[in-house]
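Computed from heavy atoms alone, side chains included, the values below leave out hydrogens, waters and symmetry copies. Note that ligands are numbered from 1 as they come in the structure, with each ligand's atoms numbered from 1 the same way.
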Amino acid sequence: MEYRTDAPAISADSLDLLAEGVVVVAGDGSVLAANRAFCGLLGLSVDDVVGRSAFEPPWRFESSTRGLLDPAETSLVMALAGDSSPEQLLLMHGSSTPRWVKVRVAGEASRPGGVMMAVEDQSELFSAQQHLHLAVQSDPLTSLCTREHIIKVLEAALARAEDTGDRVGVLQVDLDGFRAINDAFGPEVGDAVLVEVADRLRRHCADLAAVGRVGVDEFLVVSSADSSGLAFDTTIRHLADGLRSAITEPVHHDGLELHLTASLGAARGPDDASSATALIAAADRAVRASRQIGRNQFQFHDSTIDIRNHDRLKLDRDLRQATARRELEVHYQPIVELCTGRPAGAEALVRWHHDQHGPIPPSEFIPTAETTGSISAISEFVLGTVADDLARWDSLGVTTPDMRVSVNISAAEFNRPDFVSRFERVLHSTGTDPSRLELEITESLLVDDLGAAARRLHQLEDLGLRTAIDDFGTGYSSLSYLHELPLHTLKIDRSFLGDLTGVDDDRRSGAITRTIISLARNLGVTAVAEGVENSHQLSFLNESGCQRAQGYLFAPALPAEPFARFMQAQFSPTAA
Ligand code: C2E
Ligand code: CA
Ligand code: CA
């Protein structure tokens with residue numbers, strides 16, 4: 001704008017006509033004029049502003065990139081807007097709520113009339129933008145985080161974990177058979193189901209974890225925890241079990257009662273992968289692996305899933321040939337009666353010596369065998385070997401007829417409709433006396449479908465078999481029904497035994513161990529503690545009234561011959 005030199009000077013009052021805030025600052029930094037709109041934005045009177053030094057103004061500007069600006073910069077108006085983009089919004093602080101403003105500047109500090117600064121309130125626009133931003137962050141149907149946003153949450157958690165050494169768990173939750181619900185009852189019911197499931201996940205995760213919706217019926221949960229190793233896995237497993245239970249509660253909608261289940265998979269950062277996308281991909285592979293076992297299952301990602309995906313057929317072929325090539329072997333870990341200190345039984349643990357890769361631990365090949373179905377062949381091999389070994393030991397006088405061998409039964413096997421009849425056939429063909437066996441099944445089987453598990457357990461009891469719940473205490477099962485099941489043994493998961501050095505974690509584990517021991521006593525079943533490695537743990541178990549234990553303190557799992565020698569030594573007259 002050009003001034004005609006003979007034009008009347010613009011009075012300060014006339015600035016009040018402008019809706020924009022205007023302030024005029026002289027070269028020495030004093031505020032020459034400010035209009036009502038400007039003072040209104042600050043929540044200050046004209047007297048509070050005009051005549052004061054702009055080097056100590058009652059207002060401040062904050063830039064989103066540079067933080068609170070120095071008052072000297074504020075007064076040197078050029079610094080405010082001159083060197084920044086005119087479109088940049090600044091947050092202006094006065095005595096009322098800060099306002100988002102756009103600042104434009106006219107003139108130079110050296111000019112006698114001073115510098116004029118026009119300040120436009122953009123707060124409403126800004127909050128609309130913020131809303132939009134939030135809308136991008138949250139899924140319109142469920143209000144959970146969107147995929148993009150939960151990835152950001154995960155990236156932030158991973159970045160924090162890198163500094164603190166914490167671990168980050170990513171759980172993927174996929175509803176089983178959601179499409180069937182949508183097809184049968186229509187998308188309105190489908191949407192209601194998704195909203196309900198989202199609410200349950202959100203409520204369950206509360207401050208434990210962040211939840212996002214990443215597909216039609218797929219959710220992602222991000223959890224950070226400072227626990228390490230086994231404790232971290234237990235935390236994630238508990239979270240997964242809690243989420244599964246939350247989902248299996250019936251959903252009521254419009255007179256319908258719907259029963260849902262979900263398949264869950266988890267990956268741990270940085271162990272399984274260090275980037276957000278790689279971790280999510282790992283959790284996704286874990287979900288697919290759990291789907292292969294059946295509905296309502298949970299699996300951690302493990303490297304064998306990758307082997308399974310890349311090299312699955314090869315591994316499976318190797319596994320099937322392993323029995324024929326005698327690469328599979330059964331080792332026996334003694335289970336000791338604590339009051340006598342003598343072995344009362346043994347757990348059969350399978351071993352695989354791969355001709356190229358050397359020994360492969362069961363934790364690596366059992367999950368593969370479960371998905372490909374070769375687990376049944378492994379079980380048959382284990383049962384056949386146990387029958388042969390028992391017969392040989394009995395004839396050598398190493399074992400007595402009351403000595404039992406525990407064999408592990410995978411969930412994938414136990415869940416098959418023909419499990420009991422197949423098992424009966426195997427008992428028959430191997431000539432195994434069922435009273436010499438105890439079957440170890442995991443607690444999660446009771447959580448998933450209690451009715452089916454109970455029926456099967458009764459059928460097994462009818463065959464003369466005993467059953468043990470393995471890894472007890474990790475599965476979050478409800479205890480109320482335990483007395484109705486034909487169980488004989490509770491095996492206390494070895495994660496509870498810890499070091500028992502009296503630190504907080506150990507105290508908690510100690511309390512859990514004691515609770516399981518007294519629970520077993522009340523149920524009239526045997527408590528077996530797993531993973532006993534030191535005398536601390538042993539005396540704790542003795543004091544707590546635990547009946548049996550196994551662990552490296554007594555013996556690791558031994559091949560059949562060394563096991564026989566171990567037994568002989570225990571029962572020879574010179575043994576204590
Ligand atoms: P599990 O049934 O919980 O078996 C106990 C595991 O703890 C065994 O690992 C055993 O070697 C280990 N262990 C024993 N004492 C100690 C100890 O004092 N400290 C520690 N840290 N560990 C101890 P393993 O042999 O590697 O077996 C791992 C899992 O593989 C088993 O866990 C079981 O779930 C599965 N498995 C093993 N053999 C078979 C089988 O024949 N069939 C099926 N379905 N699963 C099997
Ligand atoms: Ca076991
Ligand atoms: Ca166990």
Under 3.5 Å donor-acceptor pairs involving side-chain atoms of residues 403-412, not counting sequence neighbours:
unit_1	atom_1	unit_2	atom_2	d
R404	NE	S435	O	3.0
N408	ND2	E347	OE2	2.9
N408	ND2	A348	O	3.4
S410	OG	E370	OE2	2.9

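Listing protein N, O or S atoms at distances below 3.0 Å from the Ca ion (ligand 2), with waters left out, gives E347 OE2, N408 OD1, E440 OE1, D470 OD2.
Listed by chain and number, the residues in a salt bridge (charged side-chain N to carboxylate O under 4.0 Å, His left out) with D394 are R436 (sequence neighbours excluded).
Between I441 and the choices I469, L487, D470, the side-chain contact (heavy atoms from CB on, under 4.5 Å) rule is met once, by I469. Residue S263 forms a side-chain hydrogen bond (donor to acceptor under 3.5 Å, both in side chains) with just one option from D174, D176, N296, and that option is D176.
Closer than 4.0 angstrom to ligand 1 lie heavy atoms from Q333, E347, L349, V350, R351, P362, I366, I375, V382, N408, S410, D470, D471, R494, E530, G531, V532, E533, G551, Y552.
Counted by atom type alone, Q333 and H331 present zero donor-acceptor pairs between their side chains at under 3.5 Å. No hydrogens or angles considered: nothing links the side chains of D471 and T442 as a donor-acceptor pair under 3.5 Å.
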- Given S376 and R416, is the side-chain hydrogen bond (donor to acceptor under 3.5 Å, both in side chains) satisfied, shown in steps? CA-CA 10 Å; S376 306; R416 290 197 181 161; 2.8 Å; yes
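Here R237 does not pair with D241 in a salt bridge; the nearest charged N to carboxylate O distance is not below 4.0 Å. Of the charged side-chain nitrogens involved, at least one lies within less than 4.0 Å of a carboxylate oxygen, so that D233 and R268 count as a salt-bridged pair.
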